[in-house]
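Below is one structure; the comments refer to it alone.
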Amino acid sequence: MKNVVLIGYMGSGKSTVGKILREKTGWLLLDSDVEIEKEQNKKISDIFKEQGEDAFRNMESEYLDKLAKMDESIILSTGGGMPMRKENADRMKKVGLVIYLRATAETIYGRLKDDTQRPLLQTGDKLTIITEMLERRNPVYESAADIIIDTDDNNLERVVNDIMELIQE
Ligand code: S3P
């Protein structure tokens, strides 16, 4: 069995899918945002504000390095920007099976329109930001992924069942 690495844009369902997968597999669930917040003792929004996005991206790279050395089976739920660095996309492949939870800009907007926690979505018109970022990011997510699963129908149990079939193969 392989580790599972969930990638995708903010609001694509990585955290929720990760939690259901943990229940079904008993594997350790790690959420890179949560782990970085613990390590830094700061919220992601404060890291962005005080140290900038680039510093946060470095923290993500360092975190992936640590994970590559772990022995136990894990489910990794990643921050949405992690694969945008090519070296991170390469590192993820070493950690496990990379699954892209894909959703359209409209779906994501519907899920995140009232969000106040994600620093990259707090300025300007949310739907426009999401649409433009997704256009840039989607090809990167697609090429970083071993498997792509669409989540627009919001049926996360079905998404989890698809993943369970893959990891039991
Ligand atoms: C980011 C996604 C966030 C978090 C940070 C930056 C991004 O994680 O890492 O706000 O660049 O897409 P989620 O995808 O878990 O929201």
Side-chain angles (χ1 to χ4, degrees), residues 3-22 28-67 74-92 95-96 98-145 147-152 154 156 159-160 163:
N3 294 327
V4 170
V5 180
L6 300 171
I7 66 168
Y9 193 75
M10 295 171 261
S12 58
K14 294 164 290 181
S15 304
T16 313
V17 167
K19 283 182 191 146
I20 310 176
L21 268 179
R22 171 178 57 192
L28 180 66
L29 170 66
L30 294 168
D31 180 319
S32 63
D33 286 342
V34 173
E35 296 304 314
I36 290 171
E37 285 187 333
K38 271 198 246 161
E39 260 174 24
Q40 301 293 319
N41 200 18
K42 262 187 207 171
K43 289 189 146 245
I44 303 278
S45 49
D46 291 329
I47 299 175
F48 269 69
K49 228 185 288 159
E50 292 165 20
Q51 289 160 271
E53 181 172 349
D54 222 45
F56 176 69
R57 300 295 170 208
N58 290 338
M59 293 169 196
E60 289 187 312
S61 303
E62 281 160 25
Y63 182 64
L64 273 177
D65 273 345
K66 268 197 214 160
L67 277 188
I74 59 163
I75 303 150
L76 173 65
S77 168
T78 59
M82 199 186 254
M84 302 308 291
R85 278 202 179 167
K86 173 81 174 70
E87 75 256 31
N88 286 351
D90 296 341
R91 283 175 186 152
M92 282 173 185
V95 174
V98 181
I99 301 177
Y100 172 25
L101 301 182
R102 187 167 60 185
T104 64
E106 289 70 25
T107 303
I108 288 171
Y109 175 71
R111 293 177 189 160
L112 297 186
K113 57 182 181 321
D114 299 321
D115 177 81
T116 55
Q117 297 307 310
R118 287 156 169 108
L120 295 175
L121 299 181
Q122 304 313 315
T123 49
D125 174 65
K126 264 203 184 105
L127 181 58
T128 308
I129 301 173
I130 293 169
T131 306
E132 288 175 0
M133 275 177 90
L134 252 191
E135 256 169 44
R136 245 187 355 260
R137 287 185 173 192
N138 192 43
V140 181
Y141 291 140
E142 287 180 352
S143 73
I147 309 278
I148 300 171
I149 301 181
D150 288 304
T151 70
D152 294 292
N154 289 320
L156 296 185
V159 172
V160 170
I163 297 176

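Whatever order the structure lists them in is the order used to number ligands and atoms, beginning at 1.
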Is it the case that ligand 1 has an N or O less than 3.5 angstrom from some N or O of [X]?
| X | result |
| --- | --- |
| Tyr9 | no |
| Arg118 | yes |
| Leu120 | no |
| Gly81 | yes |
| Ser15 | no |

Please tell me whether Glu142 and Asn138 have a donor and an acceptor in their side chains that are separated by less than 3.5 angstrom.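 Side-chain D/A pair, Glu142 to Asn138: present.
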Side-chain donor-acceptor contact under 3.5 Å, Asn154 with Arg111: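 Looking only at side-chain atoms, Arg111 and Asn154 do form a donor-acceptor pair, the distance falling under 3.5 Å.
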Measure the distances from the heavy atoms of Arg57 to every atom of ligand 1 and state whether one is below 4.0 angstrom.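 Yes, Arg57 has heavy atoms under 4.0 Å from ligand 1.
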Check whether any heavy atom of Arg137 sits under 4.0 Å from an atom of ligand 1.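 Within the 4.0 Å threshold, so yes.
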Asn41 atom CG, neighbour heavy-atom count above 12 within 6.0 Å: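 No, because the 6.0 Å sphere around CG of Asn41 holds 12 heavy atoms or fewer from other groups.
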Apply ring-ring contact (aromatic ring centres under 6.0 Å, His included) to Tyr109 and list each qualifying residue two or more places apart in sequence or on a separate chain.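 ring-ring contact (aromatic ring centres under 6.0 Å, His included) list for Tyr109, sorted by chain: empty.
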Tyr100: which residues meet the ring-ring contact (aromatic ring centres under 6.0 Å, His included) condition with it, sequence neighbours left out?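 Testing Tyr100 for ring-ring contact (aromatic ring centres under 6.0 Å, His included), a comparison that skips the adjacent residues, returns Tyr141.
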Ion pair [X]/[Y], N-O distance below 4.0 Å:
| X | Y | result |
| --- | --- | --- |
| Lys38 | Asp31 | no |
| Lys49 | Asp46 | yes |
| Lys42 | Glu50 | yes |

Check ligand 1 against Phe56 and write out every atom of the ligand that is under 4.0 Å from a heavy-atom position of the residue.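 Those of ligand 1 that fall under 4.0 Å from Phe56 are 9 (O).
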Should you measure from each heavy atom of Lys14, which atoms of ligand 1 turn up under 4.0 Å away?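 Counting atoms of ligand 1 from 1, those under 4.0 Å from Lys14 are 13 (P), 14 (O), 15 (O).
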I need the minimum non-hydrogen distance between Gly79 and Ser32, along with the two atoms involved.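 Looking at all heavy atoms of both residues, the closest pair is N-OG, 3.0 Å.
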What is the nearest protein non-hydrogen atom to atom 5 (C) of ligand 1, stated with its residue, atom name and distance?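 The answer is Ile44 CG2, 3.9 Å.
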To the nearest 0.1 Å, how far is atom 10 (O) of ligand 1 from its closest protein heavy atom, and which atom is that?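 Heavy-atom neighbour on the protein nearest atom 10 (O) of ligand 1: Pro119 CD, 3.6 Å.
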Side chain, backbone, both or neither: which part of Met84 comes within less than 4.0 Å of ligand 1 when only heavy atoms are counted?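 Neither; nothing of Met84 gets under 4.0 Å from ligand 1.
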Closest candidate by heavy atom, reference atom 4 (C) of ligand 1, pool Asp31, Asp33, Ile47, Leu6: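 When every heavy atom of Asp31, Asp33, Ile47, Leu6 is considered, Asp33 comes closest to atom 4 (C) of ligand 1.
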